[in-house]
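Treat the numbers as computed from the prediction; the structure is a model and nothing was measured. What's counted below: heavy atoms across the whole structure, side chains too, no hydrogens, waters or symmetry copies.
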Amino acid sequence: MVFKRRTPRSYMQMTAEMFYPRGGWRRAASYVTHRLRRLPDKPHRIARGIFAGIVVSFTPFFGLHFATAVLLAAVMRGNMLAALLATFVDNPITFPFIALFSVELGHWMLGLERETSALRIAADFGYAGAEIWANIKAVFTDDVAHWSRLSLFFSDVFLPYLVGGLAPGIVLGAVGYYLSLPVIGAYQKRRRKKLKERYEKLRAAKDAKGTAAAPAPAGD
């Protein structure tokens, strides 16, 4: 294949790049910002997509963030690619802070008293994923499905995460919307101006070349 890597990455390298991408997180954030500004769509649609992506980043739908962001952006008539890029807000660096804040806020809002930590939340999601997969396999085997632990996970972790994450997600999503709207609008306006100037310069050069190549009128 033309674009296939000459030296395939190992699973260890791919795992490491999930937590620290090549070039660093600063370069990754710069790339996402650059892509958002250059999206060929109206500024308000891109800003709506950014809002959708940020809101979804504060939800516990891990593994479904992309699909949920696209769906929310479609409902809001926002740019779907912008929504996908904006889910970058939730990454291995920010996840511990988002998860811990959301779950603790959800516990407070629901009147629950639970001690938790970012590591425990991540472990609970891992155990829940393994439990769901085991229950799915149990349908096709003689194993017995167990839902009691998933019920406890839902009430102690998932529901508080969902309830507690919506408020900060909406607030930061609104901040992202109102900050990105004028920035993207100004960038697109400046880019259109540069393209227009470049076109006029090329047209003037072409006209000058055509004039120079035109034959002189014959004398009497």
State plainly whether one hydrophobic cluster holds both [X] and [Y], where clusters connect Ile, Leu, Val, Met, Phe, Trp and Tyr through side-chain heavy atoms under 4.5 angstrom apart.
{"X": "Leu72", "Y": "Leu181", "value": "yes"}
{"X": "Phe154", "Y": "Tyr127", "value": "no"}
{"X": "Phe51", "Y": "Val171", "value": "no"}
{"X": "Ile54", "Y": "Val163", "value": "yes"}
{"X": "Leu159", "Y": "Phe101", "value": "yes"}

What salt bridge (Lys or Arg N to Asp or Glu O under 4.0 Å) pairs are there with at least one residue in residues 153-165, not counting sequence neighbours? Arg114-Asp156
Identify the two heavy atoms, one from [X] and one from [Y], that lie closest to each other, and give their separation to 0.1 Å.
{"X": "Gly164", "Y": "Met109", "answer": "CA-SD, 4.3 Å"}
{"X": "Ala69", "Y": "Thr87", "answer": "CB-CG2, 3.8 Å"}
{"X": "Ile98", "Y": "Val89", "answer": "CD1-O, 4.0 Å"}
{"X": "Thr116", "Y": "Ile121", "answer": "OG1-CG1, 3.4 Å"}
{"X": "Ser180", "Y": "Ala47", "answer": "OG-CB, 3.7 Å"}
{"X": "Val157", "Y": "Val103", "answer": "O-CG2, 4.3 Å"}

Can you pull the side chain to side chain donor-acceptor pair (under 3.5 Å) pairs that have at least one residue in residues 96-105, sequence neighbours excluded? none
Residues pairing under side chain to side chain donor-acceptor pair (under 3.5 Å) where one sits in residues 43-52, two or more places apart or in two chains, turn out to be Asp41-Arg45
Write out all pairs satisfying ring pair (Phe, Tyr, Trp, His ring centres under 6.0 Å) with one or both partners inside residues 54-78, taking only residues at least two apart or from two chains. Phe61-Phe158, Phe62-His65, Phe62-Phe95, Phe62-Phe125, Phe62-Tyr161
What's the separation between atom [atom1] in [X] and atom [atom2] in [Y], rounded to the nearest 0.5 Å?
{"X": "Leu84", "Y": "Ile50", "atom1": "CG", "atom2": "CD1", "result": "12.0 Å"}
{"X": "Met80", "Y": "Leu71", "atom1": "CE", "atom2": "CG", "result": "8.5 Å"}
{"X": "Ser155", "Y": "Leu112", "atom1": "OG", "atom2": "CG", "result": "8.0 Å"}
{"X": "Ile46", "Y": "Leu81", "atom1": "CD1", "atom2": "CG", "result": "9.0 Å"}

List, by chain and number, the other hydrophobic cluster members for Val175, where Ile, Leu, Val, Met, Phe, Trp and Tyr join if side-chain heavy atoms come within less than 4.5 Å, directly or indirectly. Leu179
Any residue meeting side chain to side chain donor-acceptor pair (under 3.5 Å) with Glu131, in chain and number order, not counting sequence neighbours: Arg149
Any heavy-atom pair between the side chains of Asn135 and Leu150 that's under 4.5 Å? yes
